[in-house]
> 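I have a structure here, written as structure tokens, and I will follow up with some questions on it.
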Amino acid sequence: MALSTEELEEAILAKAAKSPKPQLYIKDFYACDPETKPRAIKNVANGLVKQGKMVFWSSGSTTMYALPNRVKDEEHRTA
Amino acid sequence: MPKHDTPLLDELEKGPWPSFVSDIKRQAEKKPECWDILGQLELSYEEKITHWKHGGIVGVFGYGGGIVGRYSDMPKRFPGVAHFHTVRLNQPSSKFYSTEKLRAICDLWEKYGSGMTNMHGSTGDMVLLGTTTKNLEPLFYELTHDLKQDLGGSGSNLRTPSCCLGKARCEWSCYDTQAICHHLTMHYQDEIHRPAFPYKFKFKFSGCPNDCVASIARSDLSVIGTWRDDIQIDQAAIQAYISGEYNSNAGAHADRDWGKFDIEKEVLSLCPTQCMRMDGDKLQIQTSECTRCMHCINVMPRALKPGKEQGATLLVGAKAPILDGAQFATMIVPFIKIDPENDFQEVIDFIENIWDWWMENGKNRERTGEAIQRVGLPAFLQVMNIEPIPQHIKEPRSNPYVFWKEEEVEGGWTRDVREFRKRHAQ
Ligand code: HEM
Ligand code: SF4
Ligand code: SF4
């Protein structure tokens, strides 16, 4: 049985919280539910960004996902 | 008054060519932050190291693309470029705009950004260079509400689709490039505005094999117009070229005297497949050998035209990475009708088959073309449910082995090991 959207959201947030690297690729979340298609997992991850529970980090050529409190904030750096 | 001394950059103003250094100095008269671009770049020239940091979490609300975060790593020394984000705007199909629209975009960019632009980026978008985080939302509001202009794609999004002039201006276009480009742009708004893949994905549409948007070199899915039947020949016009009445290449090379037009030397012997000949004063083309390279049509446009049964070739997997080397797209489907009647469904099915496979099998930051290189074209064709044809073959085999698939072998891989060991002791 594939996970429900809520279960998948929880699994994605848990993975983003305990992963050693703060920024994850979309592929890193596929393992949260092997029974859900990658494009559906992507939609749930993007939904979490919309809700403000995750943020996109983009280099310009690739985009990654992170919890807001784990990502380096370029905006407020001083040096 | 220059804010920084830039002797190294000043060298770049000396040649006979337009200079981006002069352009930025001119813009700095209006937008003082532009001095800091020059100052920071001069420092990079001295130290041979960049002072740009790139990437970040900047964007506008609801979008996950279109804004590319750029920061200086020396914001105290160069405060004008402490933030210097890039904004990508989705260009109209074939890049038709009114001058009124262009002026409005430039005015808006003078208001919220550095005023520097790049028209157009190799992505196709209009690229607006240099603004701060706090200006992004007001810029986006006016852009979308007043100018009715949207952001384009960046990051792991579907990138802004782009197309050649197509049927709007060009008699060679074998399908309506703008129609499909616009349709897919609207159809895939979510994929353009939010990340959707392990890496970027691009479509580009050219109406004929001249490929004016260089789709074969720059897109993961390249759609190039072609035809299935004979090139249309007007024999009387061929004679008019031979006699010199018509200028070859529509006069494009007429500024120099190349001597009398020689159809043998300039057309027949340059046909890459040697499929043309003069039979008396009649030109003949053996269609089955013609690769649709466009050379003969380009040289004699009043005499030759693409055939009447028109469609497109689908090619997959171009890339231009810095490390692994560039690669052209590979021909996958030699001919497909491009059909607006059913909203281009065949092309959409083809695209989504690629996406489903690539999302599952592509590695992080691996373009479709790299994934195909890794697994091999035969494996990709199988995924796409396409029978191999001779035109898929790039070179003779270099591996002598033949690999059978289980279903091709009678009895499959299973066998009775005990029975076998009775005959072949270990
Ligand atoms: C003020 C500084 C910069 C300017 C003016 C600038 C300008 C540009 C322009 C004009 C493009 C091409 C867009 C196109 O052709 O469609 C581009 C693309 C790109 N730039 Fe920069 N850039 C700057 C800083 C940087 C930095 C610091 C990096 C990385 C360290 C970077 C990485 C890239 C990448 C990866 C792309 C291609 C994105 C893609 O389409 O995949 N840029 N930039
Ligand atoms: S690609 Fe072909 S059809 Fe499109 S503008 Fe160029 S010559 Fe014309
Ligand atoms: S299009 Fe190219 S290959 Fe075909 S006949 Fe003309 S020159 Fe030869």
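Throughout, a chain's letter reflects where its sequence line sits, starting with A, and its residues are numbered from 1.
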> Measuring from B:I57:CD1 to A:T63:OG1, what's the distance to the nearest 0.5 Å?
13.0 Å
> For residues B:R194 and A:K50, determine if any side-chain heavy atom of one lies less than 4.5 Å from a side-chain heavy atom of the other.
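Not touching, per the 4.5 Å side-chain cut-off.
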> Quick check: closest heavy atoms across A:S58 and B:G155, and the distance to 0.1 Å?
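Nearest pair, atom of A:S58 first, then B:G155: OG-CA, 3.9 Å.
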> Report yes if the side chains of A:D28 and B:N364 come closer than 4.5 Å at any heavy-atom pair, otherwise no.
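Yes, close enough: below the 4.5 Å cut-off.
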> Do you know which two heavy atoms are closest between A:G60 and B:R159, and how far apart they sit?
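Minimum heavy-atom contact is O-NH2, 3.5 Å.
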> Roughly how far, to the nearest 0.5 Å, is OG of B:S156 from CZ of A:F56?
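That separation rounds to 9.5 Å.
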> Would you give the length of the straight line joining atom CZ of A:R39 to atom CD of B:E191, rounded to the nearest 0.5 angstrom?
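One gets 5.0 Å once the value is rounded to the nearest 0.5 Å.
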> Tell me, out of B:A196, B:G62, B:P195, B:P198, who's got the most heavy-atom pairs with chain A below 4.5 Å.
B:P195
> Does B:Q189 have more than 12 heavy atoms from other residues, nucleotides or ligands lying within 6.0 Å of its CD?
yes
> Does any heavy atom of chain B fall under 4.5 Å from the side chain of A:V55, the backbone, both, or neither of them?
side chain
> For residues A:S59 and B:R365, report the shortest heavy-atom separation together with the two atoms involved.
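It is OG-NH1, 4.3 Å.
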> Any residues in residues 17-27 of chain A near chain B, with a heavy-atom distance under 4.5 Å, and which are they?
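Checking residues 17-27 of chain A against chain B gives A:Y25, A:I26, A:K27.
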> Can you name the side chain to side chain contact (heavy atoms under 4.5 Å, CB included) partners of B:L184, sequence neighbours left out?
B:I180, B:Y188, B:F203, B:F205, B:I348, B:I351
